Amino acid sequence: RTGTPILEVRDLCHRYPHLESNALDKINLKVFKGERVAVLGANGAGKSTLFKHLNGILRPLSGEVLVKGVKITKKNVRMCREAVGIVFQDPDDQVLAPSVEEDIAFGPINMGLSREEVENRVKEALEMVGLTGFEERAPHHLSGGQKKLVAIAGILAMRPEVIVLDEPTAGLDPLSSARILELIMKMNRELGITMLLSTHDVDVVPYFAERVFVLHHGRLEADGTPEAIFNDPELLRKAHLRLP
Ligand code: ATP
C-alpha cells in the first residue's frame, strides 16, 4: 500500500513506572484507510498499551504516533480522539450514564455539537448497532452483549475514521460475539471505518482480518496476512497462538 497511512507508529516505546522492561519496545507499524487489522498476542504482550497510544491517551517514552500523517501532540489530541475511537474491554470500567441515550450522547456533547445534532447522532448510532428503542434503558441493566453495543454506539456517534476495539468479544456467548463481529464488518463496509481489534480468539481472525499484527513482550513480532501468520509454526509457538 502507498499514500499516507491513517495511523502510523514510529519507534514507539512505552514504560510503566516500576517495571524493568518496556511494555512497548520500538514498535513500527502502518494502518491504511478502510483496513481491518487484528492484533494478537498473549496476556501482557502490550496490545492494550499500544491501543492507548493510538489516540493519545498515553504518551510515548520515545517515538511517535501519527494520525492521518500528523503527529499526536497536546495541541491536537482532541482532534485525534475524535478521529480514532477506542472501545475498551470492560464497559463497566467506564462511567455509565443513567440512560443509554445519555451514555451515547456524552461524546457528541463533548465535541460541542448542537442539541439537535447530538440527538441525530444518538439516533443514527442506535440504529446502526440495532438498539433503536433502547434510549431510556439503564445501561447497567443490559446484558454484556448489549453493553458492548452501547459502548460501540457511543464511539460511532462521534463519527470516527478509525475504531479500535480491545477484545470486543471477550466474555460474550457465541451468538453475541457473532453479532458484534457482524456489526464491526458492517461499519467497515458501509461506513468505510478502519477497524483494529485485539482478540485471544484466533477463530475470529480469518473471518475478520485482512492483516494481522503479532505482539510479543512489547515487540511487533509479525505483520502479515492471516495466511502468512498462520503458516509460520515458529511464530505461532513463540507468540503462544494456536491455529484457527
Ligand atoms: P491482555 O491480553 O491481558 O489484555 P495486553 O496484551 O493488552 O494483555 P497490556 O495490558 O498492554 O497487555 O500490558 C503490557 C504490560 O504492561 C504487562 O506486563 C502489564 O502487566 C503492564 N501494564 C499494563 N498496564 C499497566 C499499568 N497501568 N501499570 C503498570 N503496568 C502495566
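Predicted model only: the values in this text are computed from it and were never measured. Just so it is clear, the values below take in all heavy atoms, side chains as well, and ignore hydrogens, waters and symmetry mates. As the structure lists them, so they are numbered: ligands from 1, and atoms in each ligand from 1.
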I'd like to check whether Leu50 has a polar contact with ligand 1, where a contact means an N/O of the residue lying under 3.5 Å from an N/O of the ligand.
no
Atoms in ligand 1 flagged as close to Ala42, the criterion being non-hydrogen separation under 4.0 Å:
6 (O)
Is any side-chain N of the basic residue among Asp223 and Arg211 closer than 4.0 Å to the acidic one's carboxylate O?
yes
Tell me whether Glu167 reaches ligand 1 (any heavy atom closer than 4.0 angstrom to a ligand atom).
yes
Check each of Ala23, Gly44, Ala170 against atom 17 (C) of ligand 1 and report the one with the nearest heavy atom.
Gly44
With no hydrogens and no angle check, just 3.5 Å: does a side-chain donor-acceptor pair link Glu102 and Ser99?
yes
Given side chains that start at C-beta, do those of Asp25 and Cys13 come closer than 4.5 Å, heavy atoms only?
yes
among protein heavy atoms, the one nearest atom 2 (O) of ligand 1 is Lys47 NZ, 2.7 Å
Whether over 12 other heavy atoms sit under 6.0 Å from Arg219 CZ:
no
Phe32 atom CZ, neighbour heavy-atom count above 12 within 6.0 Å
yes
Applying side chain to side chain contact (heavy atoms under 4.5 Å, CB included), name anything that partners Met128, two or more places apart in sequence or on another chain.
Leu156, Leu183, Lys186, Met187, Glu190, Leu191
Look at atom 16 (O) of ligand 1 and say which protein heavy atom is nearest, naming residue and atom and giving the distance to 0.1 Å.
Tyr16 CE1, 3.3 Å
For ligand 1, which atoms sit closer than 4.0 Å to a heavy atom of Thr49?
9 (P), 11 (O), 13 (O), 14 (C)
Residues forming a side-chain hydrogen bond (donor to acceptor under 3.5 Å, both in side chains) with Asn231, sequence neighbours excluded:
none
Exercise check, heavy-atom protein proximity under 4.0 Å to atom 19 (C) of ligand 1
no
Any protein heavy atom under 4.0 Å from atom 12 (O) of ligand 1?
yes
Just heavy atoms, cut-off under 4.0 Å: does Ser48 contact ligand 1 by side chain, backbone, both, or neither?
both
Do any nitrogen or oxygen atoms of Ala45 lie less than 3.5 angstrom from nitrogen or oxygen atoms of ligand 1?
yes
Work out whether the distance between some heavy atom of Gly218 and some atom of ligand 1 is less than 4.0 Å.
no
Within a distance under 4.0 Å of any heavy atom of His200, pick out the atoms of ligand 1 and give their elements.
2 (O)
Taking 4.0 angstrom as the limit and counting only heavy atoms of Leu19, give me the atoms of ligand 1 inside it, by number and element.
21 (C), 30 (N)
Nearest neighbour in protein (non-hydrogen) for atom 1 (P) of ligand 1
Asn43 ND2, 3.6 Å
Lys33, NZ atom: more than 12 neighbouring heavy atoms under 6.0 Å
yes
Knowing that exactly one of Arg36, Glu35, Glu210 qualifies, which makes a side-chain contact (heavy atoms from CB on, under 4.5 Å) with Met195?
Arg36
More than 12 heavy atoms of other residues, nucleotides or ligands under 6.0 Å from CZ of Arg242: is that the case?
yes
Below the 3.5 angstrom mark, is there an N/O of Gly46, backbone or side chain, next to an N/O of ligand 1?
yes
